[in-house]
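A short worksheet on the structure shown next.
As the structure is a prediction and not an experimental result, all values here were calculated from the model.
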Amino acid sequence: QVQFVESGGGLVQPGGSLRLSCQASGRIIGIYATGWYRQAPGKQRELVAWLTSGGTTNYADSVQGRFTISRDNAKNTAYLQMNSLKPEDTAVYYCNTGSYANVVAGSFDSWGQGTQVTVSS
């Protein structure tokens with residue numbers, strides 16, 4: 001059974017930074033694509049950053065230049081470094097890993113509990 005534990009969220013002022021972590025069990029992150037997603041109240045979950053099995057990174061336009069996705073294969077953990085945070089980044093953030101197609105589509109049966117990020121002054 002694949003499980004994800006996201007952590008690192010919190011309350012931060014606009015312009016601040018946070019680093020999210022995603023500890024995976026039951027699946028080896030390093031051999032699959034990995035995605036970070038977010039869901040704001042009343043909105044659908046959206047993909048914000050994804051990493052191919054080969055290490056290529058991709059970002060949604062809304063976070064390009066501000067967020068960085070990475071992974072530590074030894075720790076089976078993915079990260080999302082978020083800089084220059086804006087109020088519109090406020091959401092619950094989730095990670096998941098699988099085939100590239102599933103990551104891009106967000107097509108998964110199981111999700112972690114997510115971690116809340118709130119950007120407010």
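- Interatomic distance, Q81 CD to S21 OG, rounded to the nearest 0.5 Å: 10.0 Å.
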Quiz item: Going through the checks in order, is the side-chain contact (heavy atoms from CB on, under 4.5 Å) test met by L85 and L18?
Solution: CA-CA 8 Å; L85 283 162; L18 285 173; 4.2 Å; yes
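- The backbone N or O of L80 sits nowhere less than 3.5 Å from a side-chain atom of Y93 that would complete a donor-acceptor pair.
- In the hydrophobic clustering of this structure, V2 does not group with Y100; members are Ile, Leu, Val, Met, Phe, Trp, Tyr whose side-chain heavy atoms approach within less than 4.5 Å, directly or through other members.
- In I28, the CD1 atom is not crowded: 12 or fewer heavy atoms of neighbouring residues, nucleotides or ligands sit closer than 6.0 Å.
- Judged by distance alone, the side chain of R45 and the main-chain N or O of A40 form no donor-acceptor pair under 3.5 Å.
- Between the side chain of W50 and the backbone N or O of V103 there is no donor-acceptor pair closer than 3.5 Å.
- The two residues P14 and S120 come nearest to each other via the heavy atoms CD-C, 3.6 Å.
- In this structure, N76 contributes its side chain and I29 its backbone to a donor-acceptor pair below 3.5 Å.
- Atom SG of C95 and atom CD of E6 lie 4.5 Å apart (nearest 0.5 Å).
- Between the NZ atom in K86 and the OG atom in S62 there is a gap of 8.5 Å [rounded to 0.5 Å].
- Taking CG of L11 as the reference point, atom CD of Q116 lies at 9.5 Å (rounded to 0.5 Å).
- Side-chain heavy atoms closer than 4.5 Å link hydrophobic residues (I, L, V, M, F, W, Y) into clusters, and following such links, even through other members, never connects L51 to V104.
- Of all non-hydrogen atoms in S17 and S84, the two that sit nearest each other are OG-N, 4.3 Å.
- Cation-pi contact between R27 and Y32: present, with separation from the ring centre below 6.0 Å and deviation from the ring axis of at most 45°.
- Remark: side-chain polar atoms of Q113 are not paired, donor with acceptor, to backbone N or O of V5 under 3.5 angstrom.
- Here T56 contributes atom OG1 and I69 contributes atom CD1; the two are 11.5 Å apart, rounded to the nearest 0.5 Å.
- In summary, the side chains of T77 and D72 do not present any donor paired with an acceptor at a separation below 3.5 Å, with no hydrogens or angles considered.
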Exercise. Evaluate the criterion side-chain contact (heavy atoms from CB on, under 4.5 Å) for residue pair T97 and F4; output intermediate values, then yes/no.
Key: CA-CA 9 Å; T97 185; F4 302 95; 3.4 Å; yes
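- Across A91 and Q39, no two heavy atoms sit closer than the pair CB-O, 3.4 Å.
- Residue E88 places its CD atom among more than 12 non-hydrogen atoms of other residues, nucleotides or ligands, all under 6.0 Å distant.
- If you chain together hydrophobic residues whose side chains sit under 4.5 Å apart, V48 and L20 fall into the same group.
- With hydrogens and angles disregarded, no donor-acceptor distance shorter than 3.5 Å links the side chain of N102 to the backbone of S99.
- Put simply, the side chain of T90 never gets that close to the backbone of T118: no donor and acceptor are under 3.5 Å apart.
- Rounding to the nearest 0.5 Å gives a distance of 10.0 Å between SG of C22 and OH of Y79.
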Quiz item: Could you walk me through whether F67 and D89 pass the side-chain contact (heavy atoms from CB on, under 4.5 Å) check?
Solution: CA-CA 11 Å; F67 289 12; D89 294 319; 3.9 Å; yes
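- V92 and V119 fall into different hydrophobic clusters, where Ile, Leu, Val, Met, Phe, Trp and Tyr side chains are chained together by heavy-atom contacts under 4.5 Å.
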Quiz item: So L47 and R38, side-chain contact (heavy atoms from CB on, under 4.5 Å) or not? Walk me through it.
Solution: CA-CA 7 Å; L47 177 65; R38 67 186 180 189; over 6 Å; no
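- The aromatic rings of W111 and Y94 stand perpendicular to each other, their planes meeting at an angle above 60°, with 30° marking the opposite boundary.
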